[in-house]
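Have a look at the structure below before the remarks.
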Amino acid sequence: MITARRILFAILLVAVAAFVVERSGQWQTGRGDLAPLALSPGGPAVGPSGRVWIDTDAACGAATRTDPDDCLAILWLVTRGVDIVGLSTSFGNATGDVVANRVETLMAQMELDGLTVPPVFRGYGEPGKAGSSPSPGVTALQGALEAGPLTILALGPLTNLAAALHARPDLHGNVTRIVAVMGHRPGHLFHPTEGKGTGTGFGHGPIFRDLNLSVDPDATRAVLGLSLPMTLIPYDAARATLITGSELDALALQGPPEAWVAQTARAWLTFWNEDVGLPGFYPFDWVAAAYLTNPGQFNCAIVDARMAREWTFWLMPHDSLIVEPLVGPGARAGPDVTYCPETSEALQGILTAPLRLRP
């Protein structure tokens with residue numbers, strides 16, 4: 001009887017808590033009452049990307065809830081003729097083995113269709129590798145930096161970057177910019193519909209983690225401590241772009257690699273339709289890739305970026321990369337970082353235009 005009463009009491013507490021948070025503005029919108037950032041439309045301006053290295057945790061349809069964003073991003077940059085000197089694989093969206101396999105499959109699809117693909121190197125498949133023997137991906141990244149200035153597009157955790165840069169401080173001057181998919185305002189909950197959808201969980205759909213940060217926060221902490229030029233393309237930046245079945249249908253008609261990537265996205269689209277409650281998905285990493293080719297489509301601010309421990313709604317505190325307005329030199333907790341949470345309305349059309357013009 002005592003056990004039954006305890007269970008009943010626990011259920012009642014959960015129900016009351018659910019009712020309270022369901023009525024909470026932050027639970028519905030994912031946002032606290034924060035001072036807005038002073039965003040510069042189309043800026044602050046950055047120079048051309050030049051040579052590019054991609055570090056990716058591409059899963060691309062390996063399971064029903066693995067996103068296709070990395071493959072969309074890589075395909076976008078290859079078909080745009082960006083000078084990609086190399087690509088290293090990581091982990092996060094899937095295990096290191098799965099990521100390596102999906103990247104190899106994508107490269108094979110593009111190569112068979114006549115596209116020039118970058119060399120691929122196996123990076124670390126787990127966190128905490130900054131002081132260990134270098135992986136082929138880390139060694140290759142160091143070699144690319146030795147050859148000259150390099151923009152690094154980090155679509156996954158910063159594990160490979162942290163290892164490469166920790167061991168070779170002499171190469172730091174050749175890092176033109178790190179573009180990373182992570183970061184958020186204090187207390188921000190990542191649920192895509194933010195009170196406007198019909199998904200599970202009180203109508204707001206599932207809540208996402210800041211995945212690239214969360215799977216290896218120590219790597220982010222290490223890279224942030226180097227004070228290198230960095231742009232953060234957060235969750236928010238993709239919220240103005242929605243990839244629906246119509247966009248995937250159009251993509252599939254452009255060629256075999258496009259058709260393969262579109263097919264890998266179908267299960268992810270179904271997840272967003274049914275669980276999130278939106279007609280399409282936000283292409284997080286694809287939007288970040290577009291920053292390299294169309295930086296003027298992003299509204300950004302120079303911010304104070306720092307690692308912190310947050311509770312938000314979780315039962316346990318967790319590491320976060322949070323950004324706040326840059327008040328002044330004396331108030332900085334870390335290096336100056338460019339943070340781009342908004343895009344122009346035109347970016348949707350830029351991304352969904354044909355990737356290639358066929359004869």
Side-chain angles (χ1 to χ4, degrees), residues 29-31 37 39 41-43 54 56 58-61 66-80 82 93 153-155 179-185 188 190-197 199 204-206 208 210-212 231-252 254 258 261-262 264-273 275-301 338-356:
T29 66
R31 302 174 190 279
L37 297 173
L39 300 177
I54 301 174
T56 178
C60 308
T66 51
D67 68 67
D69 301 359
D70 291 68
C71 283
L72 287 164
I74 295 165
L75 183 61
W76 164 270
L77 294 174
V78 169
T79 56
R80 286 294 180 273
V82 173
N93 282 324
L153 175 63
L155 301 177
V179 179
V181 185
M182 59 177 63
H184 68 276
R185 298 300 310 278
H188 182 201
F190 294 6
H191 49 80
T193 61
E194 300 200 352
K196 298 178 182 178
H204 61 59
F208 297 163
D210 193 356
L211 181 65
N212 295 340
T231 295
L232 300 177
I233 308 294
Y235 158 94
D236 267 354
R239 295 191 73 246
T241 304
L242 199 65
I243 304 302
T244 68
S246 296
E247 278 79 28
L248 293 182
D249 292 342
L251 179 66
Q254 295 180 36
E258 290 91 344
V261 173
T264 70
R266 295 294 178 179
W268 184 245
L269 175 61
T270 298
F271 165 63
W272 278 67
N273 292 163
D275 289 43
V276 177
L278 288 178
F281 62 85
Y282 303 146
F284 303 109
D285 296 320
W286 194 4
V287 168
Y291 180 79
L292 301 187
T293 58
N294 300 79
Q297 302 298 324
F298 290 75
N299 303 332
C300 313
T338 300
Y339 182 72
C340 303
E342 292 182 1
T343 65
S344 72
E345 294 181 359
L347 187 62
Q348 170 89 33
I350 292 171
L351 288 176
T352 55
L355 293 180
R356 291 186 279 172

So, the side chain of Asn299 versus the backbone of Glu342: is there a donor-acceptor pair under 3.5 Å, distance only? no

Nearest 0.5 Å, what's the CG-OH distance between Asp236 and Tyr282? 9.5 Å

Locate the shortest heavy-atom distance separating Ala288 from Val181; write the atom from each residue and the value. CB-CG2, 3.5 Å

Rounding to 0.5 Å, atoms CZ (Arg239) and OG1 (Thr343) come to a distance of 11.0 Å

Closest heavy-atom pair and its distance - Leu242, Gln348: N-OE1, 2.9 Å

Please give me the minimum heavy-atom distance between Cys60 and Thr264, naming the atom from each residue. O-CB, 3.1 Å

Say whether Ser344 and Gln297, considering side chains only, have a donor N or O and an acceptor N or O under 3.5 Å apart. yes

Could you tell me whether the side chain of Asp69 and the main chain of Phe284 form a donor-acceptor pair under 3.5 Å? yes

Could you tell me which non-hydrogen atom of Gly183 sits nearest to which non-hydrogen atom of Pro234, and how far apart they are? O-CB, 3.3 Å

Would you mind telling me which of Leu72, Ile74, Asp70 makes a side chain to side chain contact (heavy atoms under 4.5 Å, CB included) with Val261? Leu72

Decide yes or no for Leu351 and Glu247: does some side-chain heavy atom of the first lie under 4.5 Å from some side-chain heavy atom of the second? no

Report yes if the side chains of Val82 and Trp76 come closer than 4.5 Å at any heavy-atom pair, otherwise no. no

On a heavy-atom basis, the closest approach of Ala73 and Asp285 is CB-O, 3.4 Å

Answer yes or no: is there a side-chain heavy-atom contact under 4.5 Å between Phe298 and Val287? yes

First locate atom CD of Glu258, then atom OG1 of Thr79, and finally report the distance between them rounded to the nearest 0.5 Å. 7.0 Å

Return the minimal non-hydrogen interatomic distance between Gly280 and Trp272, and the atom names on each side. O-CE3, 3.2 Å

Once rounded to the nearest 0.5 Å, what's the spacing between atom CG of Asp67 and atom CH2 of Trp268? 5.0 Å

For the atom pair CZ (Phe281) and OG1 (Thr244), what is the distance rounded to the nearest 0.5 Å? 9.0 Å

Can you measure from SG (Cys300) to CG (Leu232) and round to the nearest 0.5 angstrom? 10.0 Å

I'd like to check Leu153 versus Leu77 (side-chain heavy atoms, cut-off strictly below 4.5 Å). Are they in contact? yes

Trp286 and Ile243, any side-chain heavy atoms less than 4.5 Å apart: yes

